[in-house]
Undergrad: 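Shown below is the structure under consideration.
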Amino acid sequence: GVLRPSSKFLKKYESLPQTAIYTWRFTDNEYCIDPTDKNGMLPDICYGGTDDYPLSYFINETLFRFMSVPTLLARINEPPVGGYGCNVRSEEDLIKREVVFELSRDVVAGEELFMDYGLTYDRSGYDPS
C-alpha cells in the first residue's frame, strides 16, 4: 500500500469512505497504509499514486509498475464470533512505518486468515446475529 499521513488519508476518506475498510492505521495515528486505488477500491495489486500530483496514478501504473505490491494482506478479516480465533498476528515498526504479519499457529492450505483488529476498531457495522 501507499504510506500516507493520516491528514492526507482523511481527505480521501471523506469522498471515498469505503477506503477505511482496507487501510491500516498505525497505533500512533500519524500515518496510514492505503492499498486502495484512486476510486477507493481494493485491486489485487497496489501500484501507488496520490491525488497530490497530477498523473501520479498513471505514472505509477505504467513507469513504476515494477514497484507494485499485492494487496492480499489487506483482506485478512477478524474471526467470526464462535469461530476458531486468530491465526495471524501483526507487529508495527513506527520508525520504519512497516507492518509485519506472521502466522500465530500452523494453518492448512486454503484456510482463511484471521487477526484481531484491536480494541479501537469500529465494529458498529457488524451484524449482531
Side-chain angles (χ1 to χ4, degrees):
V2 177
L3 183 66
R4 300 186 194 285
S6 292
S7 58
K8 296 272 187 187
F9 174 73
L10 288 174
K11 286 184 179 180
K12 183 176 180 180
Y13 171 75
E14 287 173 3
S15 61
L16 301 165
Q18 70 272 21
T19 59
I21 296 169
Y22 302 109
T23 300
W24 182 275
R25 179 175 42 96
F26 282 94
T27 53
D28 66 359
N29 293 317
E30 295 291 320
Y31 285 88
C32 297
I33 299 176
D34 177 10
T36 62
D37 63 16
K38 62 186 170 190
N39 301 311
M41 303 304 292
L42 183 66
D44 290 335
I45 302 291
C46 178
Y47 297 104
T50 177
D51 291 331
D52 294 339
Y53 303 102
L55 300 175
S56 170
Y57 290 102
F58 173 77
I59 290 169
N60 279 292
E61 290 176 17
T62 55
L63 299 178
F64 297 119
R65 191 176 192 89
F66 65 94
M67 296 177 62
S68 63
V69 295
T71 59
L72 182 63
L73 294 176
R75 301 173 195 276
I76 298 175
N77 291 315
E78 277 200 306
V81 175
Y84 295 108
C86 298
N87 52 18
V88 173
R89 63 176 161 248
S90 62
E91 188 160 330
E92 295 180 354
D93 183 328
L94 295 176
I95 304 300
K96 293 181 182 178
R97 295 295 171 188
E98 294 177 344
V99 182
V100 174
F101 296 90
E102 63 183 11
L103 292 174
S104 57
R105 64 171 175 77
D106 290 339
V107 297
V108 297
E111 182 178 352
E112 186 170 357
L113 301 177
F114 293 112
M115 67 182 283
D116 184 350
Y117 288 174
L119 296 174
T120 61
Y121 183 75
D122 178 13
R123 294 171 178 82
S124 61
Y126 281 18
D127 183 0
S129 58

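Throughout, residue positions are numbered sequentially from 1 according to the sequence presented.
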Undergrad: If I compare all heavy atoms of D93 with all of F26, which pair ends up nearest, and what's the gap?
TA: O-CE2, 4.3 Å
Undergrad: Looking only at atom types and distance, does a side-chain atom of T23 sit under 3.5 Å from a main-chain N or O of D34, one as donor and one as acceptor?
TA: no
Undergrad: Strictly distance-based, threshold 3.5 Å: is any side-chain N or O of E112 a donor or acceptor partner for the main-chain N or O of N77?
TA: no
Undergrad: Which atoms form the tightest heavy-atom contact between R75 and D44, and what is the distance?
TA: NH2-OD1, 3.3 Å
Undergrad: Tell me, do E30 and P5 make a side-chain contact under 4.5 Å, heavy atoms counted?
TA: no
Undergrad: If only atom types and distance count, is the side chain of S6 paired as donor or acceptor with the main-chain N or O of N29 below 3.5 Å?
TA: yes
Undergrad: Carefully, step by step, assess Y57 and D51 under the rule side chain to side chain contact (heavy atoms under 4.5 Å, CB included).
TA: CA-CA 8 Å; Y57 290 102; D51 291 331; 3.2 Å; yes
Undergrad: Given the rule in the side chain to side chain contact (heavy atoms under 4.5 Å, CB included) test, do L72 and L113 qualify, once you have shown the distances and angles that lead to the verdict?
TA: CA-CA 10 Å; L72 182 63; L113 301 177; 6.0 Å; no
Undergrad: If you apply the rule side chain to side chain contact (heavy atoms under 4.5 Å, CB included), what do you find for K12 with K38, and how did you get there?
TA: CA-CA 9 Å; K12 183 176 180 180; K38 62 186 170 190; over 6 Å; no
Undergrad: Might you point out which heavy atoms bring F9 and C32 nearest each other, and give the distance in Å?
TA: CD2-SG, 4.0 Å
Undergrad: Taking side chain as C-beta onward, heavy atoms only, is E91 less than 4.5 Å from V99?
TA: no
Undergrad: As a quick check of understanding, evaluate side chain to side chain contact (heavy atoms under 4.5 Å, CB included) for T50 and V2, giving each step before the final call.
TA: CA-CA 9 Å; T50 177; V2 177; 5.8 Å; no
Undergrad: When you group the ILVMFWY residues by side-chain heavy-atom contacts below 4.5 Å and let the links chain together, are L73 and L3 in the same group?
TA: yes
Undergrad: For R89, does its backbone N or O pair with a side-chain atom of S104 as donor and acceptor, under 3.5 Å?
TA: no
Undergrad: Would you find a donor on one side and an acceptor on the other, under 3.5 Å apart, between the side chain of E92 and the backbone of T27?
TA: yes
Undergrad: For the hydrophobic clusters of this structure (ILVMFWY residues joined by side-chain heavy atoms under 4.5 Å, transitively), does one cluster hold both F64 and Y47?
TA: no
Undergrad: Answer whether the closest heavy-atom distance between the side chains of L16 and T36 falls below 4.5 Å.
TA: no
Undergrad: Nearest heavy-atom pair of L63 and F66: which atoms, and what distance?
TA: O-CE2, 3.6 Å
Undergrad: Measuring from atom OG of S15 to atom CG of L10, what distance do you get when rounded to the nearest 0.5 angstrom?
TA: 11.0 Å
Undergrad: Ignoring hydrogens and geometry, is there a side-chain-to-backbone donor-acceptor pair from D37 to M41 under 3.5 Å?
TA: yes
Undergrad: Side-chain heavy atoms nearer than 4.5 Å, only ILVMFWY residues, links allowed to pass through others: does that put I45 and V69 together?
TA: no
Undergrad: Among the clusters formed by ILVMFWY side chains lying less than 4.5 Å apart, do L55 and M67 turn up in the same one?
TA: yes
Undergrad: So which atom in G49 and which in R4 form the shortest heavy-atom distance, rounded to 0.1 Å?
TA: O-NH2, 3.1 Å
Undergrad: Which pair of non-hydrogen atoms, one from Q18 and one from G40, has the smallest distance, and what is that distance?
TA: CG-O, 3.3 Å
Undergrad: Could you go through the salt bridge (Lys or Arg N to Asp or Glu O under 4.0 Å) check for E111 and R105 one step at a time?
TA: CA-CA 12 Å; E111 182 178 352; R105 64 171 175 77; 2.7 Å; yes
Undergrad: Within the distance-only criterion (no hydrogens, no angle test), does the side chain of E78 pair as donor or acceptor with the backbone N or O of Y117 below 3.5 angstrom?
TA: yes
Undergrad: When rounded to the nearest 0.5 angstrom, what is the spacing between CD1 in I33 and CZ in R25?
TA: 13.0 Å
Undergrad: Are L103 and V100 linked, directly or through intermediate hydrophobic residues, by side-chain heavy-atom contacts shorter than 4.5 Å (ILVMFWY only)?
TA: no
Undergrad: Hey, is R97 close enough to D28 for a salt bridge, meaning N to O under 4.0 Å?
TA: yes
Undergrad: Looking at residues at least two apart in the chain, or sitting in another chain, which of them share a ring pair (Phe, Tyr, Trp, His ring centres under 6.0 Å) with F101?
TA: W24
